[in-house]
Every structure is written in structure tokens, then in C-alpha cells.
Amino acid sequence: MRGTALPATPTGALGATSPADFFGDLYISFWIPTAVLTAALVIKLPSIVKLWRDSLLRAVGGLLLLAACVFVSAVPSVIAWTNRVVGVPNVAAPWVYSLITAFCACCLLLLVAWRNGPAERSPATRRLMRWVVGVYAGVIVGLWVLFALADVPRERLRDLDTYYATTPFMREEILLYLVAHTVACLITHRLIRNWVRADGLDRWLRGGLKALSLGCVLNLGFDAAKFTAVVARWTGHDLDWLSTHVAPPVVALAAICIAVGFILPHGGQYLQDRWRVRAGHRRLRPLYLLTRTVDDSRVPFALRATPELRLTRRETFIRDALLRLTRHLNEDVRRRAYGAALDLGHEPGRAGALAAAVTIQDAVAARKRVRGEPVRRAATAPDLTELLQDIEAVSLALRRPAEIEAVRTLAATSATTSSAAASASTTPTSPSPSTSHSHSPTAESGVPAHE
């Protein structure tokens with residue numbers, strides 16, 4: 001073997017017998033990020049299939065798949081299997097380095113395309129993307145050329161970077177992939193930092209960019225640990241623990257942050273929309289339960305109905321029931337209830353919802369009383385346009401029966417007072433004697449009474 005290498009303890013990756021060695025062979029630092037990246041890919045897969053023509057979605061899916069392949073390929077047991085299948089000691093090293101380099105290039109390309117959009121790729125943007133592809137393709141070719149020139153006969157599963165840190169050509173290969181990775185992380189972090197400060201970003205995109213930025217910082221921590229351990233070998237020191245015990249969990253956290261960063265803008269918006277639809281469905285429940293009593297019917301249950309379809313069906317059911325209640329709705333009741341709600345201190349929007357709730361409850365009760373009998377339309381039926389538009393506000397008002405009862409009581413009191421005042425103003429009064437005398441025919445004619 002050409003070059004020098006400090007002695008290192010055998011890895012023992014395949015011959016562990018103690019419980020500690022057994023759990024160490026699980027390679028949690030590799031499998032946890034692999035699981036997270038795979039889960040992210042599964043979450044994105046329906047959108048990718050549905051919107052297959054969206055190049056950005058396809059690129060995100062490919063990037064997540066590539067990142068998962070990096071971690072699977074870097075598992076020591078997988079490294080040993082790769083070396084055994086190919087028949088070349090340590091051939092897994094340039095393979096893993098190539099995957100890492102390709103992942104860095106894909107991150108840069110995706111970030112540039114994501115920010116500018118397919119329709120806004122200027123000539124400068126296209127030149128930048130071609131430059132990234134050319135440089136990192138050259139790096140991958142260089143990794144394989146340097147490996148072919150290096151003499152690395154002894155298989156290393158965990159500490160290859162430090163064990164061969166001083167070996168000619170392998171030394172340059174290790175340095176090349178670390179420099180390429182560091183440069184990509186620095187450029188990506190700078191692009192993200194400038195983008196996240198821009199105005200007009202929704203909270204999900206901003207959160208995703210912050211997660212990506214954190215992933216880049218952790219990746220730089222991985223590079224720092226690797227560089228420190230390699231340089232220590234160059235100077236005759238032993239800091240291998242930075243490469244074998246610190247770098248793997250750091251890069252695992254970085255992969256998790258990157259996965260979150262790519263799925264948060266789409267996944268967060270998707271979950272928010274789902275939550276909004278389900279919350280709207282729940283908010284309509286009180287009014288739905290009230291309108292069910294109009295004809296003792298309900299919305300048909302469909303097991304495979306989407307949340308959006310269930311919300312639409314509930315809204316349609318409520319509006320149809322209100323239309324059937326039109327002849328029982330009384331504008332006078334609504335107007336008195338609205339005034340009562342204002343007198344109780346409610347703001348106009350809330351007062352209108354409470355008044356509508358009182359009106360609908362009275363209409364439902366009236367329909368139940370006269371069911372099966374011919375019914376005349378109310379003298380003053382309210383306009384249903386506003387009512388049909390504000391069914392959610394009315395349903396929320398029905399959650400507060402005490403407020404509705406207070407409005408109903410005050411409205412009934414004002415109605416009683418108004419009726420009493422109207423009756424008093426229309427009652428005839430008896431004329432007084434003096435008034436009768438002054439308005440008698442004899443007095444008006446001026447003729448004496450005895451005549």
C-alpha cells in the first residue's frame with residue numbers, strides 16, 4: 001500500500017457479539033434519516049404522481065430518493081456487501097462520495113429552479129445550472145480516477161477517511177469530496193439566506209427555507225468534523241472520533257432538516273387546507289343538527305367521500321333546508337332580535353348571527369306545529385341571500401344557547417312594550433262637558449238656546 005497510515009483499531013462491524021456491539025450494528029445514525037427521507041418521499045409521492053408534469057415536484061422526489069440512497073449506501077454492512085459483490089476493496093468509497101456529490105449538485109439545481117420558476121429561467125440562470133452540472137460531473141469523474149490511482153487494499157468500513165488520510169491519491173480524493181460538499185453547502189446556505197429575507201413568502205415556504213438553512217449549517221458541521229480529523233492525521237495526531245462518532249449523527253440531523261425543508265412548503269399547506277375543511281365541517285354541525293329536524297333527514301354517508309365533498313354536502317343540505325323554511329321565517333322577529341342583540345352589547349356581525357339563529361329556531365318550531373296543515377306565508381319574510389351566505393356564523397351562534405335566550409327574551413319584552421304602546425295610542429277618549437258645549441250646534445250658529 002502506497003503512502004502511510006496511522007494504525008487504527010479493527011472495525012469489527014460484522015463480528016459483534018455483545019449487546020452494545022449489537023445495537024451499534026443497527027447504525028441508528030444511518031437508518032433514522034433514511035426512514036425520515038423515505039417517509040417524506042411517500043408523503044410527496046401522491047402529489048408527484050398527480051402532477052407528474054411539474055418538473056419541480058419530480059425533482060424534489062428524485063432528490064429525496066437520492067438522499068435516502070446516500071445513507072443506505074453509507075451503512076457499514078452495505079459498504080462491506082458492495083465491496084464483496086464488486087470484488088474490489090473499498091470500492092464503496094468512491095460510490096458513496098459520488099452519491100454525496102450528486103446530491104449536493106441536485107440541491108443547488110433544485111434551489112435555483114425553485115426560486116426562479118420554470119417560466120422565469122433567464123440566460124444567466126441557465127448558464128449557472130449548466131456550470132453546476134459541469135463542475136460536479138467533473139468532480140465525480142475525478143473521484144473515480146483518483147480511486148483507480150490509489151493503493152487501498154485494506155477494507156475499512158467506518159474510518160476510511162482517517163485511515164487513508166495520508167495515502168497518495170486517496171488523500172486527494174477525500175479532500176476533493178469534502179471541498180465539493182462544503183462549497184455546495186456554503187452556496188446553498190447563502191442562496192437560502194437571501195431568499196428567506198424576501199417579502200411575500202407564506203409561512204410554510206419560509207419555514208421550509210429555514211429548515212433547509214439549518215440542514216446546510218449542520219452539513220457544514222459534518223464537513224468541519226471530517227476536515228479536523230483528516231488534518232489531524234496529516235499532522236500526526238489522532239482525532240478519529242470526530243469522523244467516526246460525531247460526523248454521522250450530525251449529518252443525520254442535517255438530512256432530517258433537509259427532508260422537512262422540502263416537504264414543509266407543500267405538506268404544510270396541504271395539512272392546513274385539510275384542517276380548514278374539517279374545521280369548517282365541525283363549525284356547521286350545530287346548524288346542521290337544527291335543520292335536520294325540518295324533515296327528519298340527513299346527509300347520506302359516503303365512506304370514500306373526501307373532506308371537501310363532505311363539507312360541500314353539509315352546506316348544500318343546510319341551504320336547502322333553509323329554503324324549505326322560507327314561508328315560516330318572519331322578518332319582524334329577526335328585526336326585533338337584531339335590535340335586542342345590539343342592546344345587549346353585541347357587535348353588528350354577531351348581532352346579525354344571533355338574530356338569524358332566533359329566527360331559524362322559531363321557523364323550525366312553527367313548521368313542527370303546523371306540519372300537515374296548510375300554511376300561509378309569513379307577512380314579512382326576510383331576504384335569504386345574506387342568511388344563506390352566513391350559515392357558518394349562524395351555526396357558531398347556536399353554540400351559545402344562553403346568548404340566544406337572552407336575545408329572545410329581550411326581543412319579546414320589546415315586542416310586548418311596543419304592542420301596549422300601540423294599543424294605548426288607538427283607544428278613543430270621552431269629550432268633556434265644556435268641550436261638548438262649545439262645539440254644540442246652537443253655539444256654532446249663534447242662536448239663543450231658548451229659540
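Computed from a prediction, not measured in an experiment: that's the story for all the values here.
- When only modelled atom types and interatomic distance are considered, Glu155 and Asn90 share no side-chain donor-acceptor pair under 3.5 Å.
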inquiry  = What verdict does the side-chain contact (heavy atoms from CB on, under 4.5 Å) test give for Glu308 and Arg274, after you've listed the backbone C-alpha separation in whole Å, the side-chain angles of each residue and the deciding distance to 0.1 Å?
reply    = CA-CA 8 Å; Glu308 291 85 358; Arg274 279 291 181 270; 2.3 Å; yes
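- Side chains of Asp273 and Val277 form no contact here, defined as non-hydrogen atoms less than 4.5 Å apart.
- With Ile140 as the fixed residue, the side-chain contact (heavy atoms from CB on, under 4.5 Å) test singles out one of Thr101, Leu176, Val145: Thr101.
- Atom CZ of Arg298 has 12 or fewer neighbouring heavy atoms from other residues, nucleotides or ligands inside a 6.0 Å radius.
- From Leu212, atom CG reaches atom CD1 of Ile192 across 4.5 Å, with rounding to the nearest 0.5 Å.
- Cation-pi contact between Arg158 and Trp241: absent, since separation from the ring centre below 6.0 Å together with deviation from the ring axis within 45° is not met.
- Residues Arg334 and Asn330 are not in side-chain contact: their nearest non-hydrogen atoms beyond the backbone lie 4.5 Å or more apart.
- Between Leu220 atom CG and His181 atom NE2 the span is 8.0 Å, to the nearest 0.5 Å.
- Annotation: side chain of Leu309 is in contact with side chain of Thr306 (closest heavy-atom distance under 4.5 Å).
- Side-chain contact between Glu392 and Glu315 is absent, with no heavy atoms from C-beta onward closer than 4.5 Å.
- The SG atom of Cys104 sits 11.0 Å away from the CG atom of Leu109 when rounded to the nearest 0.5 Å.
- Below 30°, between 30° and 60°, or above 60°: for Tyr177 and Tyr97 the angle between ring planes is below 30°, a parallel geometry.
- At distances below 3.5 Å, at least one donor-acceptor pair connects side-chain atoms of His237 with backbone N or O atoms of Thr235.
- The nearest pair of heavy atoms linking Ala247 to Ala225 is CB-CB, 4.2 Å.
- To the nearest 0.5 Å, atom CG of residue Asp362 and atom CG of residue Leu329 are 9.5 Å apart.
- Note that CZ of Arg313 is 10.0 Å distant from NE2 of His281, once rounded to the nearest 0.5 Å.
- Rounded to the nearest 0.5 angstrom, Ser395 OG and Ile318 CD1 are separated by 6.0 Å.
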message = Please determine whether side-chain contact (heavy atoms from CB on, under 4.5 Å) holds for the pair Ile258 and Asn219, giving the CA-CA distance in whole Å, both sets of side-chain angles, and the decisive distance to 0.1 Å.
response = CA-CA 10 Å; Ile258 290 174; Asn219 269 321; 3.6 Å; yes
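- Residue Arg282 places its CZ atom among more than 12 non-hydrogen atoms of other residues, nucleotides or ligands, all under 6.0 Å distant.
- No more than 12 heavy atoms of other residues, nucleotides or ligands lie within 6.0 Å of CZ in Arg190, so this atom counts as exposed by the packing criterion.
- No side-chain donor from either of Trp95 and Thr82 sits under 3.5 Å from a side-chain acceptor of the other.
- Annotation: Arg400, atom CZ; neighbour count of heavy atoms from other residues, nucleotides and ligands within 6.0 Å does not exceed 12.
- Side chain to side chain, Thr244 and Asp159 fail the donor-acceptor criterion of an N or O pair below 3.5 Å.
- Among all heavy-atom pairs drawn from Leu66 and Cys106, the shortest one is CD2-SG, 4.0 Å.
- Here Arg233 does not pair with Asp161 in a salt bridge; the nearest charged N to carboxylate O distance is not below 4.0 Å.
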inquiry  = Between Leu111 and Leu108, does the side-chain contact (heavy atoms from CB on, under 4.5 Å) criterion hold? Intermediate values first, please.
reply    = CA-CA 5 Å; Leu111 190 62; Leu108 283 174; 5.8 Å; no
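- One N or O on the side chain of Glu172 and one on the backbone of Phe169 form a donor-acceptor pair closer than 3.5 Å.
- For the pair Glu347 and Arg350, the salt-bridge criterion is not met [side-chain N within less than 4.0 Å of a carboxylate O].
- Arg399 and Pro286 make their closest contact through CG-CG, 3.7 Å (heavy atoms, listed as atom of the first residue, atom of the second, distance).
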message = Is there a side-chain contact (heavy atoms from CB on, under 4.5 Å) between Arg154 and Tyr164? Walk through the geometry before answering.
response = CA-CA 10 Å; Arg154 187 172 181 181; Tyr164 290 114; 3.3 Å; yes
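- Smallest separation of non-hydrogen atoms from Ser73 and Ile79: O-CG1, 3.3 Å.
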